[in-house]
2 protein chains.
Amino acid sequence: MNNSEQIKCDCNVIHEEVVFKVRKKMPQEESLNQLADLFKVFGDSTRIKILWALSEAEMCVCDLAFLLNMTQSAISHQLRLLKQARLVKNRKEGKMVFYSLKDAHVKRIFKQGMIHSEEKE
Amino acid sequence: MNNSEQIKCDCNVIHEEVVFKVRKKMPQEESLNQLADLFKVFGDSTRIKILWALSEAEMCVCDLAFLLNMTQSAISHQLRLLKQARLVKNRKEGKMVFYSLKDAHVKRIFKQGMIHSEEKE
DNA sequence: ATAATATATGAATAGGTAATCAAGTATTCA
DNA sequence: TGAATACTTGATTACCTATTCATATATTAT
């Protein structure tokens, strides 16, 4: 069985109209990829913990490392990803760098996730 | 430099109160892990596309494969993950299995993500 | 200037994961 | 009954990624 046979099957013909309609409404490939990339950032327990902590208080790298019982290096690497994703911002104060949430979106995305996550099956 | 030295540093003492407060409010480890796992499911472009498609219409595996130009096998594997995460449900109709979103949470999480994702820097 | 502290970063590695392939089950149809 | 269709599933593989380690930079203190 080759690839093209696998993709096109009888039910596609049956549902042709529905599939066609959905395809027409489908957002740009790039747009959905970006969305996946955003959620990818939330999809790691270390980053989730960092984001949660920062939703409570501005903190420096060292504090986060202490709070989460991880090395500064590991935290720093993750903070870089969070900054690239525009989820956190930072400000320098002497030797220390303080991180905080960039905007209110993070808390909202968090909250919606929590609602689903906490629901019992 | 060993691990315990790296974790405990001077600024922890300075910020002791803040860190202590945050630690006290911190949700259960397991709770945050679950949240990360939920977002992990959203953090893949194939699954995002599937979820988006199902937010428009109930569809069978074959239709999704056709729509996204992927093999049935790949779609089926991803649908299993989505089902395990309680994001989709399915019903059998003859040979075909129709999938749809499990509840409204998915759309809401999606929407919050979109808002952040679409924002210009 | 030197040492110490706070952070950042590149390379290496171990663990995870998405797609593929091959084989299986379940259902329909001739 | 046997072939075809729709879907599932286990194993393999190639790729990705989180942490670690070693090192580098920036700031402060002595």
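In what follows, chains are A, B, ... by sequence order, proteins preceding strands, each numbered from 1.
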Worksheet entry | A:Glu29: partners by salt bridge (charged side-chain N to carboxylate O under 4.0 Å, His left out), with sequence neighbours left out | B:Lys49
In whole angstrom, what separates [X]'s [atom1] from [N]'s [atom2]?
| X | N | atom1 | atom2 | result |
| --- | --- | --- | --- | --- |
| A:Asn12 | D:dC7 | CG | C1' | 13 Å |
| A:Asp63 | C:dT5 | CG | P | 16 Å |
| A:Asn90 | D:dT27 | CG | P | 13 Å |
| B:Arg80 | D:dA11 | CZ | P | 12 Å |
| A:Phe66 | C:dA6 | CZ | P | 13 Å |
| A:Met96 | D:dT27 | CE | P | 13 Å |
| A:Leu64 | C:dT7 | CG | P | 9 Å |
| B:Gln72 | D:dT9 | CD | C1' | 13 Å |

Response to the item:
Quick note, A:Tyr99 side chain, CB onward, closest among D:dC7, C:dT20, C:dA8 is C:dA8
Worksheet item: Do A:Leu87 and A:Met114 belong to the same hydrophobic cluster, where Ile, Leu, Val, Met, Phe, Trp and Tyr are linked whenever their side-chain heavy atoms lie under 4.5 Å apart, directly or via other members?
Response: yes
Fill in: All side chain to side chain donor-acceptor pair (under 3.5 Å) counterparts of A:Lys24, not counting sequence neighbours
none
Item to complete: Scan nucleotides 25-30 of chain C nucleotide by nucleotide, 5' to 3', and note B when protein non-hydrogen atoms come under 4.0 Å of the base, S if they reach only the sugar-phosphate, - if neither.
Response: -SBS--
Discussion item. Exactly one of A:Lys21, A:Arg23, A:Lys25 should register a salt bridge (charged side-chain N to carboxylate O under 4.0 Å, His left out) with B:Glu56. Which one does?
Written reply: A:Lys25
Worksheet item: If you look at every strand shown and take non-hydrogen atoms under 4.0 Å, does B:Phe98 touch a base, only sugar-phosphate, or nothing?
Response: nothing
Worksheet item: If you round to the nearest 0.5 Å, how far is CG of A:Leu79 from SG of A:Cys60?
Response: 10.5 Å
Would you list the atom pairs, donor with acceptor, under 3.5 Å between side chains in residues 31-38 of chain B and any protein atom, with sequence neighbours excluded?
unit_1  : atom_1 : unit_2  : atom_2 : d
B:Asp37 : OD1    : B:Lys40 : NZ     : 3.4

Discussion item. Please check this pair: side chain of A:Arg47 against backbone of A:Val41, looking for a donor-acceptor N/O pair closer than 3.5 Å.
Written reply: yes
Worksheet item: Other hydrophobic cluster members with A:Met96, side-chain heavy atoms of Ile/Leu/Val/Met/Phe/Trp/Tyr under 4.5 Å, chained?
Response: A:Phe98
Could you run down the sub-3.5 Å N/O contacts of the protein with nucleotides 17-19 of chain D?
unit_1 : atom_1 : unit_2  : atom_2 : d
D:dA18 : OP1    : A:Arg47 : NH2    : 3.2
D:dA18 : OP2    : A:Arg47 : NH1    : 3.1
D:dT19 : OP1    : A:Thr46 : OG1    : 2.6
D:dT19 : OP2    : A:Gln78 : NE2    : 2.8

Practice prompt. Quick one: sort the B:Phe39 and A:Phe110 rings into parallel, tilted or perpendicular, breaks at 30° and 60°.
Written response: tilted
Item to complete: Would you state whether a donor and an acceptor, one from the side chain of A:Ser73 and one from the base of C:dT9, lie under 3.5 Å apart?
Response: yes
